[in-house]
Amino acid sequence: MMTDYIDFEKTPASIKHQYEKLKSKCEALEQENALLRMENKEYKSNKMNTKIEPKNTTGIYTADEELEAVLKAHGFIETSNKINRGKGKKTFKTSLSSKFEIYFNYENIEIFEGSACEEKRYSITENELKMLLLYFKFNPSQKKELFDGKHFTFKGMIEGMDYIKRELEGLTKFDAQPQRREKLGKIIDLYNTIEI
């Protein structure tokens with residue numbers, strides 16, 4: 001509660017004196033507020049730079065800070081607008097111009113390609129997360145190996161990877177098609193390099 005106030009019945013000199021006191025108090029409060037804002041920005045910056053250790057041992061990920069940390073560790077950037085951020089929604093892309101995005105819609109994890117939602121889940125397993133990260137690392141020809149022009153689905157990724165592993169195993173067993181083996185081997189190697 002402020003005890004200083006301007007008494008208009010006093011002389012103009014005292015009014016000016018009280019005004020100057022209030023003005024200096026306001027300036028001090030503004031400086032203090034600016035320092036608090038700087039400390040808050042520093043705190044948020046440090047919070048974003050700290051690595052979040054995995055909390056769960058179940059291998060199940062939901063739309064939370066842990067999954068956000070994994071995405072950022074794999075090169076994703078948050079592209080949420082202020083309105084969605086205020087609502088607790090977040091958007092992640094590998095680049096600002098990418099048409100593929102991961103969207104935290106409150107508790108749901110949604111994968112978009114352009115404006116179409118390809119997958120929507122409450123949680124994903126560690127294997128599904130690896131498949132999702134792999135999809136974002138693929139070049140177009142590698143995506144064709146798994147999807148034949150289809151869009152992203154967890155089921156399609158898992159089935160496609162199983163097929164590639166079996167095909168590579170068969171080609172290696174009979175020492176056939178070295179170029180094809182090399183191409184499939186690169187896909188398997190890329191999957192194996194993804195660490196969560």
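Just so you know, these numbers use all the heavy atoms, side chains as well, and skip hydrogens, waters and symmetry mates.
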> What pair of heavy atoms forms the shortest contact from Ile60 to Ser123, and how long is it?
Replying inline: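 Reported closest heavy-atom pair: CG2-CB, 3.6 Å.
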>> Give me the atom names and distance for the closest heavy-atom approach of Leu71 to Leu133.
In response: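 Distance-wise, the nearest heavy atoms are CD2-CD2, 4.0 Å.
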Distance-only, no hydrogens or angles: does the [X] side chain make a donor-acceptor pair with backbone N or O of [Y] under 3.5 Å?
| X | Y | value |
| --- | --- | --- |
| Glu159 | Gly156 | no |
| Ser98 | Thr94 | no |
| Ser80 | Thr91 | yes |

> Distance under 6.0 Å and angle within 45° of the ring axis: does Lys130 meet both against Tyr61?
Replying inline: no
> Distance under 6.0 Å and angle within 45° of the ring axis: does Lys90 meet both against Tyr103?
Replying inline: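 The answer is no, since Lys90 fails at least one limit relative to Tyr103.
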Is [Y] close to [X] at the side-chain level, that is, under 4.5 Å between some pair of heavy atoms?
| X | Y | answer |
| --- | --- | --- |
| Leu67 | Leu129 | yes |
| Arg181 | Asp175 | yes |
| Tyr135 | Phe100 | yes |
| Asp162 | Arg166 | yes |

>> Assess whether a salt bridge exists between Glu145 and Arg180, defined as any Lys/Arg side-chain N lying under 4.0 Å from an Asp/Glu carboxylate O.
In response: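 Judged by the 4.0 Å cut-off on N to carboxylate O distance, Glu145 and Arg180 do form a salt bridge.
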>> Strictly below 4.0 Å, N to O, side chains only: are Glu78 and Lys93 in salt-bridge contact?
In response: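 Here Glu78 does not pair with Lys93 in a salt bridge, since their nearest N and O are not under 4.0 Å apart.
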Quick one: pull up [atom1] in [X] and [atom2] in [Y] and give me the separation to the nearest 0.5 Å.
| X | Y | atom1 | atom2 | answer |
| --- | --- | --- | --- | --- |
| Ile188 | Leu168 | CD1 | CG | 6.0 Å |
| Ile109 | Asp64 | CD1 | CG | 8.0 Å |
| Ile187 | Gln142 | CD1 | CD | 5.0 Å |
| Leu134 | Lys137 | CG | NZ | 8.5 Å |
| Met157 | Thr153 | CE | OG1 | 9.0 Å |

> Linking I/L/V/M/F/W/Y whenever their side-chain heavy atoms sit closer than 4.5 Å, directly or via other members, would Tyr163 and Ile158 fall into one cluster?
Replying inline: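 As far as the 4.5 Å side-chain criterion goes, Ile158 and Tyr163 are not connected within one cluster.
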> Under a 4.5 Å side-chain heavy-atom rule over Ile, Leu, Val, Met, Phe, Trp and Tyr, are Val70 and Ile77 clustered together?
Replying inline: no
> Can you pull the side-chain hydrogen bond (donor to acceptor under 3.5 Å, both in side chains) pairs that have at least one residue in residues 186-196, sequence neighbours excluded?
Replying inline: Asn127-Tyr191
Sequence neighbours excluded and cut-off under 3.5 Å, please list the side-chain donor-acceptor pairs for residues 110-122, or say none.
residue, atom, partner, partner atom, Å
Glu110, OE2, Asn105, ND2, 3.1
Glu113, OE1, His151, ND1, 3.0
Glu119, OE2, Phe154, N, 3.2
Arg121, NH1, Glu128, OE1, 3.0
Arg121, NH1, Glu128, OE2, 2.8

>> Show me the pairs that pass ring-ring contact (aromatic ring centres under 6.0 Å, His included) and involve residues 68-95, at least two apart or across chains.
In response: Phe76-Phe136, Phe92-Phe104
> What do the steps show when you test Glu169 against Lys165 for salt bridge (charged side-chain N to carboxylate O under 4.0 Å, His left out), and what is the final call?
Replying inline: CA-CA 6 Å; Glu169 191 177 288; Lys165 287 176 184 176; over 6 Å; no
